[in-house]
Protein chains: 2
Amino acid sequence: MFIVRQTTKITAMSPYDPSAYPPFAVTVDLVVLTVRRHALCALVVRRGEAPFQGRWALPGGFVKGDEDLGAAAARELAEETGLCAHDPASPAANGAHLEQLATYGAPERDPRMRVVSVAHLALAPDLPAPRAGGDANSARWAPVDALLDHDGGFGRDGEQPAPLAFDHARILGDGVERARSKIEYSSLATAFCPAEFTVGELRRVYEAVWGVALDPRNFHRKVTGTPGFLVPSGGTTTRQGGRPAQLFRAGGATVLNPPMLRPEV
Amino acid sequence: MFIVRQTTKITAMSPYDPSAYPPFAVTVDLVVLTVRRHALCALVVRRGEAPFQGRWALPGGFVKGDEDLGAAAARELAEETGLCAHDPASPAANGAHLEQLATYGAPERDPRMRVVSVAHLALAPDLPAPRAGGDANSARWAPVDALLDHDGGFGRDGEQPAPLAFDHARILGDGVERARSKIEYSSLATAFCPAEFTVGELRRVYEAVWGVALDPRNFHRKVTGTPGFLVPSGGTTTRQGGRPAQLFRAGGATVLNPPMLRPEV
DNA sequence: GCAATAGTGTCTATGAGACACTATCGG
DNA sequence: CCGATAGTGTCTCATAGACACTATTGC
């Protein structure tokens, strides 16, 4: 395998001749979000090599030569978390939502060479403990607020996290914003919940992702009134504190009508 | 310049070593939309070479070795249409909206080799006549309905267009769906209008993009009542038929609150 | 005059948010 | 008993949509 880095300008390149092209590496990076202890958390891995050695980064890796982008993202997700991604809403046991987020390809985003990264967004329930190829403490869930507010408000704590490697802070920010807006008009918030969940658990997901407090009574009336959002799970009770709550599963609807509106008006 | 196509599986590849990677070509493809004669139209170019020779395709080209993805898309847009893209809402004269759409990288999407295409969406006013490097009739505006409905309802017409090359029909479909949903909650519909426009012209944009009829009175009350959407242009009249209409410019708001809701409930 | 588009007023149904109230558990 | 959470009813306000009505042009 011989690859010589393209450094000089290509002058005789036909606009549609792919046999003469600047070489790129293509990777997938993952923004894996979950809700833990009432906070929105992202999966980060510690880098073992330069550049950014020792810093936290989003999990990711190279796309293989015969692999689709979504397949590469699903493979990385399985390698890092054991989660099995499912797009077309199959009620698999350990399934997480996975979708393409955006692509980042600034020329200097990786100081070693030209890397274009197709970022994906995954939403997962709390259950799985992170594992990175057997290395336990090189992967962890970190609250997104701490990861993104690295230049404010953490000086006194000593637990001030370093900024994420590469442009991963921007990617994470874009992923979080996508999740925040998408649970408004889609049923994606159920991807943060286990297969069966209560209305209160779903409400705590919305509160954690949006960072607001919601009225439990209005929330209950709203989600149970939106057709196709929730279906009663037959099973009826569980304990979270007070009166037993009804258990639900995600309904078939993917788009919510009417949408769940984020307060802030 | 020596590049050997990666064909065998990489076995000794460190997960973060970008000096050993499968080689990819990275391109940008453009979904350029405009509204002409009350129909949503897309810019397509005729392919002069195999594969898909003679078929229509979305404009696009290779990303250069030292070029950002958005810069490559803006360059291609300028080459094909003469439009100057502006993201941060600068009121430039010939400015069009440009944003990243999605990335397509199925292994066999280009039969010649592995190409990953970062599709972008551009919205432009009607004015410009298409030009493709001086070759006049190799680029044209085509109604998106005709481009996407190639397998239905056109058999009697004789003007049945062939399907778009590569996976461009899917890319175009995704771009159209993005435009349709985004003009609901953002002020992007003004990107289809010239610098000064009337409420009626803006309404015809919504009607063409959504393919529905809207009540002119309610539409007028709604858009003029949404803060920051439209600002009166001082200049007051123009002729479109009946009573003179007030001229407006796009206001500073990018997100509409309340949103313009698409009928269909 | 008529036809066309621009723009305003008004009514009604619906939904969001505030909040009183009841239900059912663990202590 | 109390405190917690679950779930329902009701009131008020804002807004979408339907549509009558007026305003101002060209013909």
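Per chain, numbering begins at 1; letters A, B, ... match sequence-line order.
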Legend entry - Nucleotide D:dT15, atom P - distance to CG of A:L261 in whole Å: 12 Å
Legend entry - Proximal nucleotide (of D:dA6, D:dG7, C:dA6) relative to the A:R204 side chain: D:dA6
Inset, instruction - For B:T236 and for A:K222, locate the closest nucleotide of DNA chain C by heavy-atom distance; then report the residue assigned to the nucleotide nearer the 5' terminus. - result: B:T236
Inset, instruction - Using atom CG of B:L256 as one end and atom P of D:dA16 as the other, report the distance to the nearest whole Å. - result: 11 Å
Legend entry - Set of residues satisfying ring-ring contact (aromatic ring centres under 6.0 Å, His included) with respect to A:H168, sequence neighbours excluded: A:F166
Inset, instruction - Please check if any side-chain donor atom of B:Y104 sits under 3.5 Å from a side-chain acceptor atom of B:D29, or the reverse. - result: no
Inset, instruction - Identify, with sequence neighbours excluded, every residue that meets side chain to side chain contact (heavy atoms under 4.5 Å, CB included) alongside A:T190. - result: A:F197, A:L202, A:F229, A:L230, A:A250
Legend entry - d(OH, A:Y206; C1', C:dG17) in whole Å: 17 Å
Inset, instruction - Figure out the CG/C1' separation between A:N257 and D:dA16, and round it to whole Å. - result: 13 Å
Legend entry - Nearest heavy atoms of B:T103 and A:V118, plus distance in Å: CG2-CG2, 4.0 Å
Inset, instruction - Let me know the distance between CG of A:L202 and C1' of D:dA6, rounded to the nearest Å. - result: 14 Å
Inset, instruction - Answer with base, sugar-phosphate or nothing: what part of the nucleic acid does B:P258 contact at a heavy-atom distance below 4.0 Å? - result: sugar-phosphate
Legend entry - Interatomic distance where CZ belongs to B:R262 and P belongs to D:dG17 [whole Å]: 13 Å
Legend entry - All ring-ring contact (aromatic ring centres under 6.0 Å, His included) counterparts of A:F219, not counting sequence neighbours: A:Y206
Legend entry - Atom pair distance, as rounded to whole Å: CZ in B:F219 and C1' in C:dA6: 13 Å
Legend entry - Partners meeting salt bridge (Lys or Arg N to Asp or Glu O under 4.0 Å) with A:D215 (sequence neighbours left out): A:R217
Legend entry - Pairs involving residues 188-201 of chain B, ordered by first then second residue, that meet salt bridge (Lys or Arg N to Asp or Glu O under 4.0 Å) (sequence neighbours left out): B:E196-B:R249
Legend entry - Sugar-phosphate or base contact per nucleotide [nucleotides 19-27 of chain D; S, B, -; heavy atom under 4.0 Å]: BB--BBB--
Inset, instruction - Calculate the interatomic distance between B:H220 atom NE2 and D:dA18 atom C1'; express it in whole Å. - result: 18 Å
